[in-house]
Amino acid sequence: MSVDDEQVAGRRARLAALREQGADPFCIHRFDRTHTSAEVATAIQKIEAEAPDEVNWDEAAFATSVCGRLMAVRDQGKSIWADIHDAGGKVQLWAGPAQMGEEAFEEFKNLHIGDIIGVHGEAFRTRRGEPTVRIKECVLLSKSLRPLPEKFHGLQDVQLRYRRRYLDLIVNPEVREIFARRTAAVKAIRSHLDALDYQEVTTPMMQPLYGGANARPFITHHNTLDMDLYLRIAPELYLKRLVVGGMERVYEIGRVFRNEGVDASHNPEFTLLEAYQAYTDYQGMMELFEGLVCATAMAVNGSLTFEYRGQQIDLTPPWRRVGLLEAVREASGVDFAESVTDDDARAACRDLDLGDMQKDGWAGLLDKTFDRYVQPELIQPTFVVDYPVVVSPLAKRLPDRPSLAARFEPFIGGAEIGNAFSELNDPDDQRARFESQVRAGLEGDAEAHPLDEDYLMAMEYGLPPTGGMGMGVDRLVMLLTGCTNLREVILFPQMRPEEG
RNA sequence: GUGCCGUUAGCUCAGGCGGUAGAGCAUCUGACUUUUAAUCAGAGGGUCGCAGGUUCGAGUCCUGCACGGCACACCA
């Protein structure tokens, strides 16, 4: 018999005995708690604060009902100390035969670590200073049939932590803390935009045509409509339709799906914020970005400075702005503005450490050079501005340099955390850009945009000048919480099945 | 995709040169009325990731596979 069977069998035997006695814990529907663990501690402090002298807890103990998961038992024979954990923390319990009766005391000894219990009793503070509930009555609310991971080291196995996140949350308090901070971040993003009169909307996740980013989509099928649909790679094109419709400030926080590799900074589904504001441009989006990230940092860390991978980062605006081509020229010595053709660019890059360049054109080499020589140095928050139009199919041209787009990407700690631009609103130019994307697709670019006639029609009705931005929420949370793997900030990251 | 590393009890980890597998927590039994990683005494618990190979003998050496971690590559 394996140890698993042995421990599970012991717990099941106990459950069977309870059912035999007509005390099936799974038949209990509710428990009316009067205090959470945190509220017990607060109530005790309040009594102490109001007492003129030291509190006599023999008299001052107050009635309470608490509940949670049994996580530790310190059995001393006629006196048992135990801890239960609830959402906000833990509270100590004290069980003795005099308070709860011999029979109930013996029943208490039959509990297993992991059981969910409810307790009626009296709260006091022990001589050692621990807020404690002296048990008068204990109710088993749910039987835990499997042994929990070890209490001291917690759950370390990374696979188990992600595959059974509930165990990770039960035994690793710092994990609960990270997700609490993630929730605070999303809340801060929402209230920042709400305060600026942005309207939160939801747009289709299943789209007949995908767009708004360069990525390969997931394909699904609708049976009764008998049509393939794409899981969205971005909400962009729908949000801009709403701006055409007169919603001047809109945003969406939601999941997008990109059919690409999985690693420490990529999960196939992730949370993206996109916001659009009519009558502003990418300069306006820079201010929005600074405000959003600072508000989020305050919510997550209570500060505009934080440490990431040993580097001290300061988010105080205004952030540095550098031109993409200028930054690349300074870091690598190659001026892409002087190269016109793909061959020119390859020749200019021949001395750089870029690996195989055969398959790269001008834009690909620019991208590679930036990634290799510029991006790792962008530790302090930096807006990299003015991207080539050829890699920005939805962005407006700069009036004085029409080969460049009014677009920027913000970098923090060497990581790209978003993308923003003045939205292209010339439907003829947009059609030409789509057509060149379609050509790129035919030439083998799996991530090129398809042509979206319906979107072009919307634009022909008139899109006001508009600034738009997107921000990777998971990546921002990762930075602000000091996590170096995206999976640490996603509750259920995508994993391969364990067996073949 | 490539390289390196990992996979041993429910959990956390040891296992020197190849000789029938160990500890702590958890579980079970006993002692103990202020403990908080409680303590003390004892017991049970293993297809050593999977499949082959070498060998008299494999947790250990070799090959393949699976899953994961890190780095690089790809990707935005």
Side-chain angles (χ1 to χ4, degrees), chain A residues 1-11 13-14 57 71-84 90-99 105 109-110 112-114 124-132 134 144-164 167-168 170-172 212-216 233-234 256 258-266 268 270 272 353-356 359-360 363-364 367-368 370-372 375 387 391-392 409 415-419 445-448 470 472 475 484-485 487 493 495-500:
Chain A
M1 182 188 274
S2 82
V3 78
D4 180 46
D5 290 338
E6 184 187 75
Q7 294 202 35
V8 170
R11 288 164 182 253
R14 181 60 200 149
W57 280 112
M71 292 300 288
V73 177
R74 296 176 289 280
D75 186 344
Q76 290 186 289
K78 290 285 190 296
S79 171
I80 300 176
W81 304 90
D83 297 331
I84 56 169
K90 63 176 182 176
V91 63
Q92 179 167 266
L93 306 178
W94 182 59
Q99 292 74 35
F105 184 67
K109 289 186 174 182
N110 286 323
H112 286 100
I113 285 175
F124 68 108
R125 193 191 287 281
T126 62
R127 292 209 283 277
R128 299 281 177 99
E130 189 73 26
T132 301
R134 183 191 299 136
S144 174
L145 295 174
R146 290 173 179 269
L148 287 177
E150 200 214 13
K151 62 185 166 190
F152 188 59
H153 297 93
L155 185 65
Q156 299 296 321
D157 185 290
V158 177
Q159 296 200 39
L160 277 184
R161 288 189 46 230
Y162 298 152
R163 290 183 199 280
R164 303 192 206 164
L167 287 181
D168 195 26
I170 289 170
V171 299
N172 295 332
N214 292 97
R216 300 168 68 178
I233 58 172
V256 299
R258 298 188 183 177
N259 207 336
E260 54 197 30
V262 180
D263 64 28
S265 59
H266 295 82
F270 62 97
L272 186 67
D353 175 25
L354 297 180
D356 180 18
K359 280 178 266 174
D360 297 306
D367 202 35
K368 268 192 172 181
F370 176 82
D371 286 354
R372 169 73 181 75
Q375 182 169 345
Y387 282 65
V391 296
S392 313
E409 291 191 348
E416 174 205 334
I417 59 158
N419 185 18
D445 182 353
E447 300 182 338
R475 285 199 184 163
T484 55
N485 193 315
R487 292 173 163 190
M495 302 282 280
R496 274 202 165 87
E498 257 177 302
E499 294 301 327

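Predicted, not measured: the structure shown is a model, and the values here were computed from it. Every chain is numbered from 1, with letters handed out A, B, ... down the list of sequences.
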Duplex segments of RNA chain B, taken as runs of at least three Watson-Crick or G-U pairs that stay under 3.5 Å:
B:1-7 with B:66-72, B:10-13 with B:22-25, B:27-31 with B:39-43, B:49-53 with B:61-65
Determine the contact category for A/Leu160: base if any of its heavy atoms lies under 4.0 Å from a base atom, sugar-phosphate if only primed atoms, P, OP1 or OP2 are that close, otherwise nothing.
sugar-phosphate
Assess the residue pair A/His266 and A/Arg475 against the criterion (side-chain contact (heavy atoms from CB on, under 4.5 Å)); give the C-alpha distance rounded to whole Å, side-chain angles, the decisive distance to 0.1 Å, and a yes or no.
CA-CA 9 Å; A/His266 295 82; A/Arg475 285 199 184 163; 3.4 Å; yes
Using the side-chain contact (heavy atoms from CB on, under 4.5 Å) rule, take A/Leu148 and A/Ile170 through it: C-alpha gap first, then chi angles, then the decisive distance, then the call.
CA-CA 9 Å; A/Leu148 287 177; A/Ile170 289 170; 4.1 Å; yes
Looking for any heavy atom pair under 4.0 Å, which part of the strands does A/Glu260 touch: base, sugar-phosphate only, or nothing?
sugar-phosphate
Whole angstrom is fine here: how far is it from CG in A/Leu155 over to P in B/rU12?
5 Å
Any heavy-atom pair between the side chains of A/Glu409 and A/Gln375 that's under 4.5 Å?
no
Take the protein atom CG of A/Asp75 and the nucleotide atom C1' of B/rA41, then report the distance between them rounded to whole Å.
15 Å
Which nucleotide in the set B/rA26, B/rG68, B/rC75 lies at the smallest distance from any side-chain heavy atom of A/Ile113?
B/rA26
Determine the interatomic distance between C1' on B/rU60 and the same-named atom on B/rA14; round to the nearest Å.
14 Å
Output the distance between atom CE (A/Met71) and atom NZ (A/Lys151), rounded to the nearest 0.5 Å.
10.0 Å
Between B/rG59 and B/rG18, how far apart are the C1' atoms? Round to whole Å, please.
10 Å
Value in whole Å for how far the C1' atom of B/rC70 lies from NE2 of A/His266
17 Å
Interatomic distance, A/Asp157 CG vs B/rG68 C1' [rounded to whole Å]
8 Å
Can you tell me whether the base of B/rG16 sits syn or anti, using the 90° cut around 0 to define syn?
syn
Close side-chain approach of A/Trp94 and A/Gln99, heavy atoms under 4.5 Å
yes
Using the P atom as the reference point in each nucleotide, state the distance between B/rC40 and B/rA23 in Å, no decimals.
15 Å
Look for any protein N or O under 3.5 Å of an N or O in nucleotides 2-4 of chain B and output each such pair with its distance, or none.
none

Atom-pair distance (CD on A/Gln375; P on B/rC75), nearest Å:
14 Å
Roughly how many Å is it from NZ in A/Lys368 to C1' in B/rC72, rounded to a whole number?
13 Å
Pick the P atom in B/rC13 and in B/rC32, then give their distance to the nearest Å.
36 Å
With rounding to whole Å, what would you report as the distance between B/rG69 and B/rA58 at their P atoms?
33 Å
Taking the side chain of A/His153 as its heavy atoms from C-beta onward, which of B/rU36, B/rU33, B/rU12 lies nearest to it?
B/rU12
Does a nitrogen or oxygen in the side chain of A/Asn485 sit under 4.0 Å from OP1 or OP2 of B/rC70?
yes
Nearest to the A/Lys78 side chain among B/rA73, B/rU33, B/rG69, which nucleotide is it?
B/rU33
Please tell me which of the listed nucleotides, B/rC67, B/rC28, B/rU34, lies nearest to the side chain of A/Gln76?
B/rU34
In whole Å, measure the gap between the C1' atoms of B/rA9 and B/rG46 for me.
6 Å
Please classify B/rC4 as syn or anti, treating any glycosidic angle within 90° of 0 as syn.
anti
Taking the P atom in each of B/rU8 and B/rA51, what is the distance between them to the nearest angstrom?
15 Å
Assign A/Arg127 to base, sugar-phosphate, or nothing according to its heavy-atom contacts below 4.0 angstrom with the strands shown.
base
In whole angstroms, the gap separating P of B/rA73 from CG of A/Asp371 amounts to 9 Å
Set of salt bridge (Lys or Arg N to Asp or Glu O under 4.0 Å) partners for A/Arg161, sequence neighbours left out
A/Asp168, A/Glu488
Go through B/rU12, B/rC74, B/rA38 for me and flag the one nearest to the A/Asp263 side chain.
B/rC74
Rounding to the closest angstrom, what is the interatomic distance between B/rC17 and B/rU7 at atom P?
16 Å
For B/rA26, does either OP1 or OP2 sit under 4.0 Å from a side-chain N or O belonging to A/Lys151?
yes
Side chain A/Arg216, main chain A/Asn259, donor-acceptor under 3.5 Å
no
Would you say a side-chain N or O of A/Arg74 is under 4.0 Å from OP1 or OP2 of B/rU33?
no
Between P on B/rU12 and CG on A/Asn172, what's the gap in Å once rounded to a whole number?
10 Å
Give A/Arg163 one of three labels, base, sugar-phosphate or nothing, depending on what nucleic acid heavy atoms sit under 4.0 Å from its own.
sugar-phosphate
